[in-house]
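All remarks here apply to the structure that follows.
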Amino acid sequence: MEFIMANLGGSMLVLMFLIALVFHTHGSKIHHRGNKHVAFFIFGDSFLDAGNNNYINTTTLDQANFWPYGETYFKFPTGRFSNGRLISDFIAEYANLPLVPPFLQPGNTQFYNGVNFASGGAGALVQTFEGSVIPLKIQARNFKKVAASLRHKLGSSEAETLLSSAVYMFSIGANDYLSPFLTDSDVLNSYSHSEYVRMVVGNFTSITKEIYKRGARKFVFMNLPRLGCLPGTRIIQSKGNGSCLQELSALASLHNRVLSVVLLQLEKQLNGFKFALYDFNTDLTQMIKHPLKYGLKEGKSACCGSGPFRGVYSCGGKRGEKEFELCDKPNEHLFWDSYHLTESAYKQMANRMWGYTSSSHNIGPYTIRDLFQAP
């Protein structure tokens with residue numbers, strides 16, 4: 001202060017310049033935040049869980065925070081159900097965002113880039129693996145807290161801009177159909193297949209509408225793969241010949257048909273609702289049938305696990321069965337463990353999701369890239 005006062009005549013212009021520069025830079029940041037920045041919010045199950053289940057009271061059946069999970073890329077387990085990054089991690093990279101952190105990660109209070117709410121084992125139905133996971137309904141409730149936090153920190157107008165320009169990605173439903181086959185549940189005896197699917201998609205639709213009411217406008221959905229053709233479900237078949245479990249795949253197929261119709265209805269009902277639908281089903285089916293075409297050597301057996309197709313969910317030796325096998329080159333495999341994919345598979349899928357190509361497997365008028373670039 002003494003220096004400035006002593007040199008007031010000669011320094012005033014410099015001081016005014018610095019003040020103007022600060023305001024210009026600050027103004028640029030505000031402009032960037034309002035018009036350029038696109039946050040990424042992620043909901044769903046283990047296909048997208050970046051580690052939320054590390055922080056809940058559950059069992060190792062619904063966790064992946066132990067070796068060899070994460071060993072190929074991160075060199076340590078992060079809670080992701082893979083040997084490395086997930087589809088959502090690659091999408092964040094393509095959108096020039098950092099890795100989107102789990103909502104429950106300690107100290108995670110900055111939601112400006114988005115946040116990941118997904119939970120391994122979660123379903124659209126609260127009853128799916130109830131008590132062991134974070135169901136979609138609770139994930140939506142957690143998003144409500146984040147939206148309130150953003151309004152408090154940024155002010156109502158800027159928060160609304162961030163929330164409406166953000167992209168919201170979902171992978172949900174697989175566990176709602178898997179759980180009756182993996183547990184002693186007799187829920188499928190109480191409903192017809194069509195009734196059960198309508199219940200799952202109906203819950204999902206209601207929660208999507210709730211998230212829309214909080215400001216979301218741009219949605220990305222993944223349909224379901226042939227769930228009966230995963231390594232962990234091939235071994236359920238009593239014939240023991242490794243064929244796909246057809247009843248389970250039929251449920252997933254029916255879910256996909258209903259989901260497509262519902263999304264078109266939402267597009268008409270909800271003002272400003274835009275969606276991209278990634279055909280996970282077709283993409284994964286092609287990779288299972290033709291692994292070599294995708295630079296893979298194995299499309300049916302998992303890298304990590306035990307038993308036929310390494311379909312026994314023993315990867316890591318912490319899920320009851322201590323003995324397990326681990327392949328030498330995970331990224332030459334399509335499947336990492338009994339139910340999840342390798343990083344190399346996720347990366348290829350993310351590339352095809354990002355933009356239209358001859359084999360993009362995007363359904364509808366938008367791709368994820370379109371939604372990140374749309375106003």
Side-chain angles (χ1 to χ4, degrees), residues 43-48 61-62 117-141 168-213 219-230 232-239 243-270 273 275 277-282 284-285 339 363-364:
F43 301 81
D45 50 34
S46 55
F47 287 127
L48 299 179
L61 286 171
D62 293 305
F117 301 99
S119 169
L125 303 178
V126 173
Q127 307 95 284
T128 297
F129 299 125
E130 189 170 8
S132 299
V133 301
I134 309 166
L136 187 61
K137 183 176 182 179
I138 303 301
Q139 294 180 35
R141 195 174 297 167
Y168 299 77
M169 184 175 185
F170 294 78
S171 167
I172 203 74
N175 292 299
D176 296 302
Y177 304 112
L178 279 166
S179 59
F181 292 88
L182 301 179
T183 66
D184 294 329
S185 169
D186 61 353
V187 66
L188 290 178
N189 294 326
S190 304
Y191 302 93
S192 69
H193 281 192
S194 59
E195 288 172 336
Y196 189 72
V197 168
R198 281 200 299 270
M199 187 165 63
V200 171
V201 177
N203 271 37
F204 180 28
T205 304
S206 297
I207 294 167
T208 299
K209 287 180 177 178
E210 282 181 31
I211 293 168
Y212 171 89
K213 287 178 183 176
F219 294 82
V220 177
F221 301 99
M222 298 168 60
N223 69 13
L224 299 185
R226 293 184 185 180
L227 296 173
C229 297
L230 309 177
T233 53
R234 283 182 187 272
I235 62 174
I236 294 175
Q237 195 70 269
S238 59
K239 296 175 184 176
S243 59
C244 298
L245 188 56
Q246 294 301 332
E247 184 184 3
L248 182 51
S249 291
L251 277 164
S253 179
L254 181 56
H255 171 97
N256 291 345
R257 293 197 297 275
V258 174
L259 177 64
S260 295
V261 172
V262 166
L263 292 180
L264 291 172
Q265 290 172 344
L266 289 177
E267 187 178 40
K268 293 177 181 177
Q269 293 169 3
L270 305 178
F273 180 92
F275 76 91
L277 177 58
Y278 166 58
D279 192 358
F280 190 20
N281 174 43
T282 299
L284 185 60
T285 298
Y339 305 103
I363 303 171

Answer whether the closest heavy-atom distance between the side chains of [X] and [Y] falls below 4.5 Å.
{"X": "F275", "Y": "L264", "answer": "yes"}
{"X": "V197", "Y": "Y177", "answer": "yes"}
{"X": "H255", "Y": "V258", "answer": "no"}
{"X": "Y196", "Y": "V187", "answer": "yes"}
{"X": "R234", "Y": "C244", "answer": "yes"}

Review point. In chain order, what residues pass the side chain to side chain donor-acceptor pair (under 3.5 Å) check against S260, with sequence neighbours excluded?
Key: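 Counting only residues at least two positions away or on another chain, S260 forms no side chain to side chain donor-acceptor pair (under 3.5 Å).
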Check your understanding: Do the rings of F219 and F221 sit parallel, tilted or perpendicular, given the 30° and 60° boundaries?
Key ->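 Parallel.
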Exercise for review: Measure the acute angle between the ring planes of Y168 and F43, then classify it against the limits of 30° and 60° as parallel, tilted or perpendicular.
Suggested key: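 Parallel, since the angle between the ring planes stays under 30°.
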[atom2] on [Y] to [atom1] on [X], rounded to 0.5 Å:
{"X": "H193", "Y": "E195", "atom1": "NE2", "atom2": "CD", "value": "11.0 Å"}
{"X": "D184", "Y": "F181", "atom1": "CG", "atom2": "CZ", "value": "13.5 Å"}
{"X": "Q246", "Y": "R226", "atom1": "CD", "atom2": "CZ", "value": "8.0 Å"}
{"X": "D45", "Y": "N175", "atom1": "CG", "atom2": "CG", "value": "5.5 Å"}
{"X": "L245", "Y": "C229", "atom1": "CG", "atom2": "SG", "value": "9.0 Å"}

Quick one: closest heavy-atom pair of [X] and [Y], and the distance?
{"X": "A124", "Y": "V200", "answer": "CB-O, 3.6 Å"}
{"X": "D62", "Y": "S132", "answer": "OD2-CB, 3.5 Å"}
{"X": "V133", "Y": "A122", "answer": "CG2-CA, 3.8 Å"}
{"X": "G228", "Y": "S249", "answer": "N-OG, 3.0 Å"}
{"X": "S171", "Y": "M222", "answer": "CB-SD, 3.8 Å"}
{"X": "G121", "Y": "F129", "answer": "O-CD1, 3.2 Å"}

**Study point:** Pairing residues for T233 by the side-chain contact (heavy atoms from CB on, under 4.5 Å) criterion, not counting sequence neighbours
**Key:**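 Listed in chain order: L178, L230, I236, L248, Y339.
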Would you say [X]'s side chain and [Y]'s backbone share a donor-acceptor pair under 3.5 angstrom?
{"X": "N223", "Y": "N256", "value": "no"}
{"X": "S119", "Y": "I134", "value": "yes"}
{"X": "D279", "Y": "T282", "value": "yes"}

Check your understanding: side chain to side chain contact (heavy atoms under 4.5 Å, CB included) between F170 and I211: does it pass, once the steps are laid out?
Key -> CA-CA 12 Å; F170 294 78; I211 293 168; 3.7 Å; yes
Practice item. Keeping to residues at least two apart or across chains, list the side-chain hydrogen bond (donor to acceptor under 3.5 Å, both in side chains) pairs with something in residues 197-213. Key: none
**Study point:** Side-chain H-bond candidate by donor/acceptor type, S194 with S192, under 3.5 Å
**Key:** yes
Point to revise | Verdict with reasoning, F204 to L259, per side chain to side chain contact (heavy atoms under 4.5 Å, CB included) | key: CA-CA 9 Å; F204 180 28; L259 177 64; 3.8 Å; yes
